[in-house]
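One structure is given here, and the rest of the page talks about it.
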Amino acid sequence: DLLVIISKEGTGDWKALAETLSKKFSRKVTSKEIRKRWREIKPIIKQKVESKAEMKCGHSCFTCPTRHECKLHDELDHDIEDLAVPTTTPK
């Protein structure tokens with residue numbers, strides 16, 4: 001659930017993310033908890049994105065129809081388009 005919310009909202013407002021998750025899970029979730037969890041899963045998600053792994057939805061990040069709207073890639077500190085194989089060889 002955290003990954004889905006970050007892909008839609010980004011990580012610019014941890015307090016708002018905490019409020020969203022608190023409502024979803026009917027329990028108090030703190031921004032500190034969310035930041036900690038994001039730091040734990042971020043390297044795993046980044047590795048999956050870079051390896052072009054198929055996600056639960058059946059797409060990889062490279063074939064995802066909503067990849068241009070997804071904020072997850074910005075949060076992983078790179079643009080998904082930078083991972084694509086170049087069509088020309090740089091000089």
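Note that the structure is predicted; figures quoted are calculated from it, not measured.
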Would you mind reporting whether L17 and W38 have side-chain heavy atoms less than 4.5 Å apart?
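A side-chain contact under 4.5 Å is absent here.
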
Calculate, to the nearest 0.5 Å, the distance between atoms [atom1] and [atom2] belonging to [X] and [Y] respectively.
X: F62; Y: E54; atom1: CZ; atom2: CD; answer: 14.0 Å
X: S7; Y: L2; atom1: OG; atom2: CG; answer: 9.5 Å
X: S31; Y: E19; atom1: OG; atom2: CD; answer: 9.5 Å
X: L72; Y: K42; atom1: CG; atom2: NZ; answer: 10.0 Å
X: L21; Y: I5; atom1: CG; atom2: CD1; answer: 4.0 Å

From the options T30, V29, I34, select the one residue that forms a side-chain contact (heavy atoms from CB on, under 4.5 Å) with K32.
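Filter result, single survivor: T30.
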
What is the minimum heavy-atom distance between K71 and G10, and which atoms define it?
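Looking at all heavy atoms of both residues, the shortest contact is CD-N, 3.7 Å.
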
Using a 3.5 Å distance criterion without hydrogens, assess whether the side chain of E75 forms a donor-acceptor pair with backbone atoms of T11.
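Indeed, once roles are kept as given, a pair shorter than 3.5 Å links the two residues.
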
Any residue meeting side-chain contact (heavy atoms from CB on, under 4.5 Å) with T66, in chain and number order, not counting sequence neighbours
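Listed in chain order: C64, E69.
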
Partners passing side-chain contact (heavy atoms from CB on, under 4.5 Å) against Q47 (at least two apart in sequence or in another chain)
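None.
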
Are E33 and K36 close enough for a salt bridge, meaning some N to O gap below 4.0 Å?
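No.
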
Do you reckon W14 sits in the same ILVMFWY cluster as F25, going by side-chain contacts under 4.5 Å, direct or chained?
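Yes; tracing contacts between hydrophobic side chains, which count when under 4.5 Å, links both residues.
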
